[in-house]
Amino acid sequence: MTDHTLAGPVRVRFAPSPTGYLHVGGARTAIYNELLRLNAGGAFILRIEDTDRERSDEAMTRQICSALEWLGLRWDEGPFLQSERVDRHREAAAELIANGKAYRCFCSLELLDEQRKAAEAKGDAFFYPRTCFAVARGDSDARAAAGETFAVRFRMPGEVIRFQDLVRGAMEFPRDAVDDFILLRSDGSPTYHLSVCVDDVDMRISHVIRGEDHLTNTAKHVPLFQALGSPVPMFAHLPLILGTDKKRLSKRFGAASVEEFREQGILPEALYNYLALLGWSPGHDREVLSREEMGRLFTTDRLNSSPAIFDHEKLAWMNGQYISHLPLAELLEHAASFLAAEGLAGVEKARLGAAVDLHKNRARSLGHLAQMVRPYFEPIAYDEEACKEFVSDPSVAESMAFLRVRFVAVDPFGKDGVEAALRALATERGVKAGVLIHPARMALSGVAVGPPLFDLVALMGRQATEEHMLRFEGFLRAAGAAQGSTGPTAK
RNA sequence: GGCGCAUUCGUCUAGGGGUCUAGGACGUCGCCCUCUCACGGCGGUAACACGGGUUCGAAUCCCGUAUGCGCUACCA
């Protein structure tokens, strides 16, 4: 069953570094954190890892928070800024030095760089030779007191590193897999490794759910947790999300950030659902399910261990599912900016709602929906190419004139009456209904492929219908005359 | 190079020794519905990377090989 029930209160955290937009991989990590929290109770903490001040910026932090909020994620504590906790990190480093778990390193960057290059030239991995580990404690203290600059390195203990990973099982790294890594830079700032571990300890994190790219880092963190005298949390390292090139999904490959999908007209619920299923399965062939349902069903043992390729097609399908099932009012809210982009901002609300309702089960994105709805309000100019078959058949113009008269006479004006009128006319003229329907759709909407005709007519109303039919007749006459002058068609 | 992780239809996955002639979903193809486009319904296509073991029996366990990916910073 769920292993976390034995481990005390579940405290999870999502800890993005604000160096860019929220990547869908990060979003998925956040989702799994929230899902575990939803399932097990406890707390979900948001922490911003901005220890790399050169690459971090406040705007990005806000951006990430708003992307998480848009996705519907709710955290219980935070956001905490790691940069505000550097005193605590330094204090922890000092304690580690005092305990002999860490030591000062006076090696210059130039020297280390040389050593690294030499190692690389030989084809070896660079491994810090522990030069400064040999410096006697008294000397070290004296040099520091004298103002010599130094970094602080963790003294890796000499044991095999073991930890439990909820996704991959028992993990084991040889002792020499990692060297004495830096805890505090020579400018006194803490590195990521120190900060995460100290923060995870202080925030009493029980489960660290993060990307697989951190798997080898965990070999550093586990001994660090132990040196800090703290219990080691449970880990779950998630496989990466790949592009179709099987490389880590990145912007240059297409959309990779949450905000890009938002701009593409993806509903947050759809993205959440899709992402949750990319690496986790609730079983029983369930696919479309709410955040609450997923929370109820979520267990880490159903997390997948192999990487997943991001499939835009399936996301689009799922988005379509959500668009068609969302209550109209909510859908209109989400679609507002897309409708505005189609010039439909000022349109009569009731009619807009009716048109959207008519098309919501055919759209795969909000932009797509707005496009489909547009012909109800803003007939596009007739395109001669698209109308060629109507222009070349003189009976079409005649039929349209008859149809216009019948439409106008329908009373009460509505979908059923309009349909009856058209079908009656078709019967009288001995043609199939479609023969009238297609040019009529063109007359009213300007598109050959679009809204269902009778709904379109009903929604437009008697007056607009008449106007557009007349407009189309005029167009047919003009086009027919132009064609007649270049070559005879009608007899 | 070293260390690590991964490998079921094109894609996401179910599967945790016999119920697998491998199930579902997206995509794709065909048919039905139909005023176009969709939706919906029905049906088809398509996968256990390879080689050795273990076992009466392996997609499922073990070991290799191959391939892919990740990490290998005083980045996170």
Side-chain angles (χ1 to χ4, degrees), chain A residues 15-19 49-52 54-56 82 105 107-109 112-113 116 119-120 122-127 149-153 165 167-168 171-174 176-179 181-193 195-196 211-219 237 239-240 242 244 246-248 274 277-288 301-302 304-318 320 324 359-364 368 372 419 422-423 426 432-438 440-442 445 447-454 456:
Chain A
S17 54
T19 53
E49 316 243 295
D50 55 349
T51 50
D52 182 8
E54 268 177 41
R55 297 200 312 179
S56 301
Q82 205 157 55
C105 172
C107 296
S108 70
L109 286 168
L112 291 170
D113 210 43
R116 184 185 322 282
E120 276 166 12
K122 279 201 303 186
D124 294 338
F126 174 66
F127 204 86
T149 62
F150 60 87
V152 176
R153 304 190 93 108
D165 188 290
V167 175
R168 289 148 220 280
M171 295 294 307
E172 192 180 302
F173 286 84
D176 59 4
V178 303
D179 68 351
F181 57 95
I182 304 277
L183 257 22
L184 231 45
R185 302 187 185 95
S186 47
D187 66 357
S189 65
T191 61
Y192 163 76
H193 302 297
S195 301
V196 232
E212 188 192 322
D213 45 345
H214 286 293
L215 188 55
T216 40
N217 282 337
T218 305
H237 287 98
L240 267 20
L242 275 26
T244 47
K246 295 196 195 287
K247 294 248 161 39
R248 200 181 176 138
Y274 176 73
L277 257 34
L278 208 57
W280 173 76
S281 159
H284 306 290
D285 298 331
R286 300 270 282 120
E287 295 219 291
V288 180
D301 56 342
R302 293 196 69 88
N304 233 80
S305 58
S306 54
I309 295 173
F310 195 95
D311 183 0
H312 288 75
E313 283 297 328
K314 189 151 185 177
L315 205 214
W317 167 78
M318 185 155 292
S324 64
H359 286 272
K360 65 177 194 174
N361 66 352
R362 328 176 171 208
R364 302 198 120 205
H368 185 204
M372 288 194 295
E419 175 160 6
L422 182 140
R423 293 201 186 276
K432 296 215 287 192
V435 172
L436 300 180
I437 287 171
H438 295 299
R441 175 183 297 106
M442 177 59 76
S445 70
V447 293
V449 177
L453 181 67
F454 306 123
L456 175 61

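Below, read A as the first sequence line, B as the second, and so on, with proteins coming before strands; counting in each chain starts at 1.
Toward the 5′ end of RNA chain B lies the nearest nucleotide of A:Tyr274, the other residue of the pair A:Tyr274 and A:Leu453 mapping further downstream. Mapping A:Phe173 and A:Arg302 onto RNA chain B by nearest heavy atom places A:Phe173 closer to the 5' end of the strand.
Atom P of nucleotide B:rG27 and atom NE2 of A:His312 are separated by 15 Å, given to the nearest angstrom. Residue A:Ile309 contributes atom CD1, which lies 14 Å from atom P of B:rG68 at whole-angstrom precision. Computed from coordinates, the A:Leu278 CG to B:rA14 P distance equals 12 Å when rounded to whole Å. Separating the NE2 atom of A:His284 from the C1' atom of B:rG15 is a distance of 12 Å, rounded to the nearest angstrom. Across the protein-nucleic acid pair, A:Leu240 atom CG and B:rC71 atom P stand 8 Å apart, rounded to whole Å. Going from atom CH2 of A:Trp317 over to atom P of B:rC12 covers 16 Å, rounded to whole Å. One interatomic measurement links the two molecules: NZ of A:Lys247 to P of B:rG68, which rounds to 9 Å at whole-angstrom precision. If you take CG of A:Asn361 and P of B:rC39, they are 9 Å apart, rounded to a whole angstrom.
With a 3.5 Å ceiling on both atom-pair distances, the Watson-Crick or G-U wobble partner of B:rA6 is B:rU67. In this structure, B:rU55 forms no base pair with any nucleotide, since neither Watson-Crick nor G-U wobble geometry is met with both distances under 3.5 Å. Of the nucleotides present, none pairs with B:rA38 by Watson-Crick or G-U wobble criteria with both distances under 3.5 Å. A 3.5 Å limit on both hydrogen-bonding distances identifies no Watson-Crick or G-U partner for B:rA14. When both pairing distances are held under 3.5 Å, B:rU72 makes a Watson-Crick or G-U pair with B:rG1. Nucleotide B:rU28 forms a Watson-Crick or G-U wobble pair with B:rG44, both donor-acceptor distances falling under 3.5 Å.
Side-chain nitrogen and oxygen atoms of A:Arg364 include none within less than 4.0 Å of the OP1 or OP2 phosphate oxygen of B:rA38. Phosphate proximity of B:rC71 to A:Arg248: present, with a side-chain N or O under 4.0 Å from OP1 or OP2. For A:Arg286, no side-chain nitrogen or oxygen approaches OP1 or OP2 of B:rG24 to under 4.0 Å. Considering only side-chain N and O atoms, A:Asn217 lies nowhere under 4.0 angstrom from the phosphate OP1 or OP2 of B:rG4. Contact between the side-chain N/O atoms of A:Lys246 and the OP1/OP2 oxygens of B:rU67 is not found at any separation under 4.0 Å. For the OP1/OP2 pair of B:rC74 and a distance below 4.0 Å, the side-chain nitrogens and oxygens of A:Arg116 include at least one atom meeting the criterion.
B:rG16 and B:rG23 have their P atoms separated by 14 Å, given to the nearest Å. Using C1' as the reference atom, B:rG10 and B:rC48 are 16 Å apart when rounded to the nearest Å. Across the P atoms, B:rG30 and B:rU45 are found 15 Å apart, a figure rounded to whole Å. Between B:rC26 and B:rA38, the distance separating the two P atoms is 16 Å to the nearest Å. With C1' as the reference atom, B:rA22 and B:rU8 are 8 Å apart, rounded to whole Å.
Here the closest non-hydrogen pair linking A:Tyr274 and A:Met318 is N-SD, 3.6 Å.
In this model, a side-chain donor or acceptor of A:Arg441 finds a partner on the base of B:rC35 within 3.5 Å. No donor-acceptor contact under 3.5 Å links the side chain of A:Thr216 to the base of B:rC3. Between the base of B:rC37 and the side chain of A:Arg362 there is a donor-acceptor pair shorter than 3.5 Å.
Within 4.0 Å of A:Ala308, counting heavy atoms only, lie sugar-phosphate atoms of the nucleic acid but no base atom. Residue contacts shown for A:His359 are absent, as no nucleic acid heavy atom lies under 4.0 Å away.
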